[in-house]
Amino acid sequence: MDGKYILVINPGSTSSKVALYCSNQCVDESIFRYTVDEIAQYDTVMDQIEFRATRLRDFLAFNQIYPGDLAAVVARGGLMKSIIGGTYIVNDAMINDLRSGKYGMHASNLGAIIANDIAKEYGVKAYTVDPVVVDEFSDIARISGYQGIERRSVFHALNQKAVARKVLQAEGKDYCASNVIVTHIGGGISIGAHKAGRVIDCVNAFDGEGPYSPERTGGLPLIDFAKLIINEQLNIAQVKSILAGEGGMKSYLGEIDIKTIEQKALNGEAESKKYFDGMCYQISKSIAEMAAVLKGNVDYIILTGGVSHSKYVTDFIKSHVDWIAEVKVMAGEEELQALYEGVMRVLKAEEQAKMYI
């Protein structure tokens, strides 16, 4: 293959992770963290493209990566139409859906867009692997409770599947023959019921389900929220901003940095402890919900994502759910490695790249 490096991009709501891989090794990795004030400068997620891309180009310049040095660019996928898992070539149809927010707007929408821009500059193709809209739901899981509205599959598919495989492999088990509950705890929180290699249901916090997170509301009392919408005469963009951006810890404490909130809680600040514990409590409830989906047949509960680095968080959750199954902690995420492996399967002709149509 032309070039020797693979550039991997993983944008999140409060940070972006980037890495360069060469010959199955990560040769450099960086996390670009964004403050509340930095993000607040931009009215929409799409307005952040150049802000984020500039730091990415600085990363490439620092590593002395020039045209001809890259073999491909791969990014975390965003909110688009539901698709089966796999590695996809980024094309105009995908870019248009991500830009428009037709299927929802999130920082992950930026991944393929920025990857495509960089790939064009370096004369290579851009890819995405197992985006958040991978859909393996059972039919019954789609029922919402109101005719004309269906639940949908939106979760941290890439990381959830990667850490599940890693944990099960270490335990001598096959992912496609096991049942696990995977909880990704970060700027957003998703909880998946993995049954024999398929995620048959999930707590989709993006659409206002499940626990609140640093900046998302999770599930809300519907009548009270409806009153708020009517009384404040909110439009759909404002509603989405409340559900994913202005909710959760940001709403209660004006802060989204978990380390800061945790330290205040440990220092005895009552408000911080109250809402920090509340988030952990709601996560535990949602894990038990997914245990019901699997009829209690759960091999492991896996906690992953950046917030799982917090012993406070993992100990709280363990104390509430370890009666269901053994809890394994895979702090951080495997998304960068999983993205790299996905594109390499295509470049090595072990797998055919899929087209988004």
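Position 1 is the first residue of the sequence; numbering continues from there. All heavy atoms count here, side chains included; hydrogens, waters and symmetry mates do not. Computed from a prediction, not measured in an experiment: that's the story for all the values here.
- At least one donor-acceptor pair under 3.5 Å links the side chain of Arg151 to the backbone N or O of Cys202.
- The ring pair (Phe, Tyr, Trp, His ring centres under 6.0 Å) with Phe276 is formed by just one residue from the set Phe316, Tyr212, Tyr312; it is Tyr312.
- For Ala75, the side-chain contact (heavy atoms from CB on, under 4.5 Å) partners are Ile9, Ala115, not counting sequence neighbours.
- For Tyr21, the ring pair (Phe, Tyr, Trp, His ring centres under 6.0 Å) partners are Tyr340, not counting sequence neighbours.
- For the residue pair Gly186 and Ser213, the shortest heavy atom distance occurs at O-CB, 4.3 Å.
- Around the CD1 atom of Ile236, the shell of radius 6.0 Å holds more than 12 heavy atoms that belong to other residues, nucleotides or ligands.
- Taking the six-membered ring for Trp and the full ring otherwise, the centers of Tyr66 and Tyr122 sit at least 6.0 Å from each other.
- Using a 4.0 Å cut-off between charged side-chain N and carboxylate O, Glu271 and Lys264 make no salt bridge.
- Residues forming a side chain to side chain donor-acceptor pair (under 3.5 Å) with Gln238 (at least two apart in sequence, or on another chain): none.
- Residues that satisfy the side chain to side chain donor-acceptor pair (under 3.5 Å) test with Glu232, not counting sequence neighbours, are absent from this structure.
- Here the straight-line distance linking atom CD1 of Ile185 with atom OG of Ser308 works out to 4.0 Å at 0.5 Å rounding.
- The aromatic rings of Phe59 and Phe32 lie perpendicular to each other, with more than 60° between the two planes, well past the 30° mark.
- The pair Arg57-Glu50 meets the salt-bridge criterion, since a charged nitrogen lies less than 4.0 angstrom from a carboxylate oxygen.
- The only option from Leu60, Asn63, Val124, Asp69 that meets the side-chain contact (heavy atoms from CB on, under 4.5 Å) definition with Leu7 turns out to be Leu60.
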Scan the side chains in residues 97-104 for donor-acceptor partners under 3.5 Å anywhere in the protein, sequence neighbours excluded, and list what turns up.
unit_1 : atom_1 : unit_2 : atom_2 : d
Asp97  : OD2    : Tyr356 : OH     : 2.7
Ser100 : OG     : Asn96  : O      : 3.2
Ser100 : OG     : Asp97  : O      : 3.2
Ser100 : OG     : Lys102 : N      : 3.1

- Query: Hey, mind stepping through Leu253 and Ser272 against side-chain contact (heavy atoms from CB on, under 4.5 Å) and telling me if it holds?
  - Reply: CA-CA 7 Å; Leu253 302 172; Ser272 293; 4.2 Å; yes
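- The 12-atom threshold is not exceeded at CG of Asp139, counting heavy atoms of other residues, nucleotides or ligands nearer than 6.0 Å.
- Residues Ala353 and Ile89 come closest through the heavy atom pair CB-CG1, 3.7 Å.
- Residues that satisfy the side chain to side chain donor-acceptor pair (under 3.5 Å) test with Thr314, not counting sequence neighbours, are absent from this structure.
- Phe51 is linked by a ring pair (Phe, Tyr, Trp, His ring centres under 6.0 Å) to Tyr34, Tyr42, counting only residues two or more places apart in sequence or in another chain.
- Between Gly77 and Ser108, the shortest heavy-atom contact is O-CB, 3.5 Å.
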- Task: Test salt bridge (Lys or Arg N to Asp or Glu O under 4.0 Å) on Asp322 and Lys318 and set out the steps.
- Result: CA-CA 5 Å; Asp322 60 3; Lys318 283 180 182 180; over 6 Å; no
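- No donor-acceptor pair closer than 3.5 Å links the side chain of Asp201 to the backbone N or O of Ala141.
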- Going through the distances and angles, do Ile65 and Tyr5 end up as a side-chain contact (heavy atoms from CB on, under 4.5 Å)? CA-CA 9 Å; Ile65 303 299; Tyr5 292 99; 3.8 Å; yes
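- The salt bridge (charged side-chain N to carboxylate O under 4.0 Å, His left out) search around Asp130 returns none, not counting sequence neighbours.
- In this structure, the side-chain contact (heavy atoms from CB on, under 4.5 Å) partners of Glu136, at least two apart in sequence or on a different chain, are Val134, Lys161, Arg198, Val199.
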- In sequence, state the C-alpha distance, the side-chain angles, and the governing distance for Val167 and Val180, and then conclude on side-chain contact (heavy atoms from CB on, under 4.5 Å). CA-CA 10 Å; Val167 167; Val180 295; over 6 Å; no
Kindly list each side-chain donor-acceptor pair under 3.5 angstrom involving residues 285-297, sequence neighbours excluded, with atom names and distances?
unit_1 : atom_1 : unit_2 : atom_2 : d
Ser286 : OG     : Gln282 : O      : 3.3

- Query: Given Val163 and Val182, is the side-chain contact (heavy atoms from CB on, under 4.5 Å) satisfied, shown in steps?
  - Reply: CA-CA 8 Å; Val163 298; Val182 185; 3.8 Å; yes
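- Every salt bridge (charged side-chain N to carboxylate O under 4.0 Å, His left out) that Glu334 has, sequence neighbours left out, goes to Lys166.
- Atom NZ of Lys311 has 12 or fewer neighbouring heavy atoms from other residues, nucleotides or ligands inside a 6.0 Å radius.
- Counted within 6.0 Å of CD on Gln352, heavy atoms from surrounding residues, nucleotides or ligands total 12 or fewer; the atom is thus considered open.
- When the side-chain contact (heavy atoms from CB on, under 4.5 Å) test is applied to Asp43, the partners found at least two apart in sequence or on another chain are Asp47.
- Ring-plane geometry between Tyr252 and Tyr275 is classed as parallel, the angle between the planes falling under 30 degrees on a 0 to 90 degree scale with a further cut at 60.
- Proximity of a side-chain donor or acceptor of Asn231 to a complementary backbone N or O of Lys227 within less than 3.5 Å is detected.
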